[in-house]
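Input: a single structure, listed below in structure tokens.
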Amino acid sequence: MPLNLPDKLPAISLLKEENIFVIDNSRASTQDIRPLKIVILNLMPLKITTETDLIRLLSNSPLQIEVSFMKLKSHTSKNTPIEHMKAFYRDFELMRDEKFDGMIITGAPVEHLDFEEVNYWGEIKEIFDWTKTHVTSTLYICWAAQAGLYHHYGIPKYPLDKKMFGIFEHHICEGMNKLPIFRGFDDVFFVPHSRHTEVRREDIEKHPELTIISESDDSGVHIVMARGGREFYVTGHSEYSPYTLDTEYRRDLGKGLPIDMPKNYYRDNDPEKGPLVRWRSTANLLFSNWLNYYVYQETPYDINQIK
């Protein structure tokens with residue numbers, strides 16, 4: 001089944017080249033079915049790239065999905081054309097009375113700052129609180145995962161000695177393998193990480209309402225679940241396309257920044273041979289399971305009944 005996307009969104013033409021089934025609003029309006037309403041708060045600098053990465057994964061579902069994009073009034077994107085933002089994004093204050101079946105909140109390049117120092121922290125906190133009453137299930141990714149855990153539960157983040165950068169082996173925590181979010185997962189699976197900070201198991205375990213459901217011996221806590229699946233905090237970047245880490249690596253090299261080659265990423269550890277993609281199937285399962293079991297199966301038909 002297709003994704004229902006705003007007319008003329010750049011991701012439509014990009015994904016059609018990959019034989020991914022998407023339709024625009026004009027065509028979707030003729031179909032007599034209630035699509036799932038998913039809103040994306042995209043905090044990443046290269047918004048069109050992130051939109052495409054997320055939509056690619058959301059498309060791997062038999063459900064019709066209506067995607068909306070939210071932006072912050074307290075922050076102006078410097079890396080995306082203003083025309084794109086005006087055409088496809090709306091301020092939170094214009095959406096606060098709406099309800100959504102699911103929400104995705106992305107990472108943001110503000111790890112070096114304490115949460116309270118982020119210039120849009122006040123608005124982000126308001127959105128985090130709003131999700132509890134206006135969204136059936138929310139997926140927090142990377143910085144958003146750390147920020148959400150801090151805001152909702154007081155979980156601190158810690159700076160790493162070196163950037164967690166590469167593709168790392170993960171496993172499902174003991175007793176968690178029957179959770180629907182992991183349907184179809186292998187015993188060992190791979191996830192990209194690109195971050196300078198971490199959350200720690202010992203802090204999370206102090207909160208009985210939080211459950212660590214997957215982790216890595218190398219990169220630490222991976223997914224934390226709360227409120228029976230109404231909140232998922234994901235520290236990695238399953239949504240990354242094959243060359244995202246390569247772009248980051250070459251960018252930092254070009255700036256003369258101290259950066260190690262991403263681990264377990266390039267074929268034979270040779271950047272000229274390109275990446276060995278080992279996380280694509282897991283990424284598709286993660287997003288499709290979230291959509292099916294924690295959004296579609298849980299959300300009321302009358303979206304205004306979300307509580």
Side-chain angles (χ1 to χ4, degrees), residues 42-54 56-57 75 77-80 104-115 117-121 140-150 155-171 188-201 214-223 233-280 282-283 286:
N42 185 359
L43 303 173
M44 295 292 278
L46 302 176
K47 299 202 183 301
I48 294 174
T49 298
T50 303
E51 292 161 13
T52 306
D53 288 345
L54 291 172
R56 180 182 293 111
L57 291 168
H75 178 73
S77 175
K78 299 176 182 177
N79 298 281
T80 302
I104 299 170
I105 307 178
T106 74
V110 291
E111 284 184 286
H112 59 290
L113 299 173
D114 290 339
F115 293 118
E117 294 177 341
V118 176
N119 62 8
Y120 47 79
W121 182 242
Y140 296 80
I141 297 174
C142 199
W143 179 84
Q146 296 182 356
L149 286 169
Y150 176 74
I155 305 296
K157 65 174 181 176
Y158 300 90
L160 294 166
D161 294 333
K162 279 190 174 183
K163 185 177 184 180
M164 189 68 65
F165 192 44
I167 311 300
F168 299 97
E169 186 177 292
H170 292 63
H171 60 270
V188 171
F189 57 94
F190 295 89
V191 179
H193 286 262
S194 178
R195 51 186 167 83
H196 295 276
T197 54
E198 67 175 355
V199 292
R200 294 177 180 169
R201 167 178 274 276
S214 63
E215 60 187 343
S216 166
D217 294 339
D218 298 313
S219 56
V221 173
H222 174 227
I223 302 179
Y233 301 92
V234 184
T235 65
H237 280 288
S238 293
E239 79 282 1
Y240 270 4
S241 64
Y243 279 91
T244 302
L245 293 184
D246 178 71
T247 300
E248 291 185 13
Y249 177 55
R250 295 179 189 274
R251 176 200 65 197
D252 289 353
L253 282 179
K255 292 180 177 180
L257 298 175
I259 182 70
D260 291 340
M261 185 187 302
K263 294 182 178 179
N264 313 313
Y265 177 58
Y266 294 117
R267 296 175 186 273
D268 302 323
N269 283 324
D270 182 353
E272 300 312 311
K273 292 185 177 180
L276 177 64
V277 179
R278 293 185 288 178
W279 66 93
R280 185 183 289 122
T282 295
L286 176 66

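All heavy atoms count here, side chains included; hydrogens, waters and symmetry mates do not.
We find the CG-OH distance between Leu245 and Tyr265 to be 5.0 Å, quoted to the nearest 0.5 Å. Between the OG1 atom in Thr106 and the CG atom in Leu43 there is a gap of 4.0 Å [rounded to 0.5 Å]. Distance check: Arg201 CZ to Glu215 CD gives 4.0 Å after rounding to the nearest 0.5 Å. Taking OG of Ser219 as the start and NE2 of His170 as the end, the distance is 3.5 Å to the nearest 0.5 Å. Rounded to the nearest 0.5 angstrom, Asp252 CG and Ile259 CD1 are separated by 5.0 Å.
The two residues Pro156 and Val199 have their closest heavy-atom pair at O-CG1, 3.7 Å. Contact detail for Pro271 and Tyr249: the closest heavy-atom pair is CG-CE2, 4.3 Å. Closest non-hydrogen pair, Cys142 versus Ser194, comes out as SG-O, 4.2 Å.
Under a 3.5 Å cut-off, the side chain of Glu239 and the backbone N or O of Asp53 do not form any donor-acceptor pair. With hydrogens and angles disregarded, no donor-acceptor distance shorter than 3.5 Å links the side chain of Asn264 to the backbone of Phe168. Using modelled atom types, one side-chain atom of Lys47 and one backbone atom of Asn42 make a donor-acceptor pair closer than 3.5 Å. Lys157 places no side-chain N or O within 3.5 Å of a backbone atom of Trp143 that could act as its donor or acceptor partner. Judged by distance alone, with hydrogens and angles left aside, the side-chain atoms of Gln146 form a donor-acceptor pair with the main-chain N or O of Thr197 at under 3.5 Å. In this structure, Asp270 contributes its side chain and Glu272 its backbone to a donor-acceptor pair below 3.5 Å.
Under the side-chain hydrogen bond (donor to acceptor under 3.5 Å, both in side chains) criterion, Tyr150 pairs with Glu116, not counting sequence neighbours. Remark: Tyr243 engages no residue in a ring-ring contact (aromatic ring centres under 6.0 Å, His included) (not counting sequence neighbours). Considering only residues two or more places apart in sequence or on other chains, Asn119 meets the side chain to side chain contact (heavy atoms under 4.5 Å, CB included) condition with His75. Here Lys255 pairs with Arg251, Leu257 under the side chain to side chain contact (heavy atoms under 4.5 Å, CB included) rule; sequence neighbours left out. Looking at residues two or more places apart in sequence or on another chain, you find a side chain to side chain contact (heavy atoms under 4.5 Å, CB included) between Ser238 and Val191, Ala283, Leu286. The ring-ring contact (aromatic ring centres under 6.0 Å, His included) check on His237 picks up Tyr240, with sequence neighbours excluded.
The number of heavy-atom neighbours closer than 6.0 Å to CZ of Arg278, taken from other residues, nucleotides and ligands shown, is above 12.
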message: Pair Asp260, Phe165 - check side chain to side chain contact (heavy atoms under 4.5 Å, CB included), show working.
response: CA-CA 8 Å; Asp260 291 340; Phe165 192 44; 5.8 Å; no
message: Set out, in order, the CA-CA distance, both residues' side-chain angles and the distance that settles side chain to side chain contact (heavy atoms under 4.5 Å, CB included) for His171 and Asp217, then state yes or no.
response: CA-CA 9 Å; His171 60 270; Asp217 294 339; 3.6 Å; yes
message: Let's go through Phe190 and Glu169 carefully: what are the C-alpha distance in whole Å and the side-chain angles of both, what is the deciding distance for side chain to side chain contact (heavy atoms under 4.5 Å, CB included) to 0.1 Å, and is it a yes or a no?
response: CA-CA 5 Å; Phe190 295 89; Glu169 186 177 292; 4.0 Å; yes
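Considering only heavy atoms from C-beta on, Arg280 stays 4.5 Å or farther from Arg56 through its side chain. Two residues are said to be in side-chain contact when any heavy atoms from C-beta on lie closer than 4.5 Å; Thr235 and His193 meet this criterion. Side-chain contact between His112 and His196 is absent, with no heavy atoms from C-beta onward closer than 4.5 Å. Two residues are said to be in side-chain contact when any heavy atoms from C-beta on lie closer than 4.5 Å; Tyr120 and Val110 meet this criterion. At a threshold of 4.5 Å between non-hydrogen side-chain atoms, the residues Thr49 and Met44 do not count as touching.
Ring geometry for His222 versus Phe189: interplanar angle of 30 to 60°, hence tilted.
Centroid-to-centroid, the aromatic rings of Phe115 and Trp121 come within less than 6.0 Å.
A donor atom on one side chain and an acceptor atom on the other are found under 3.5 Å apart for Thr244 and Ser241.
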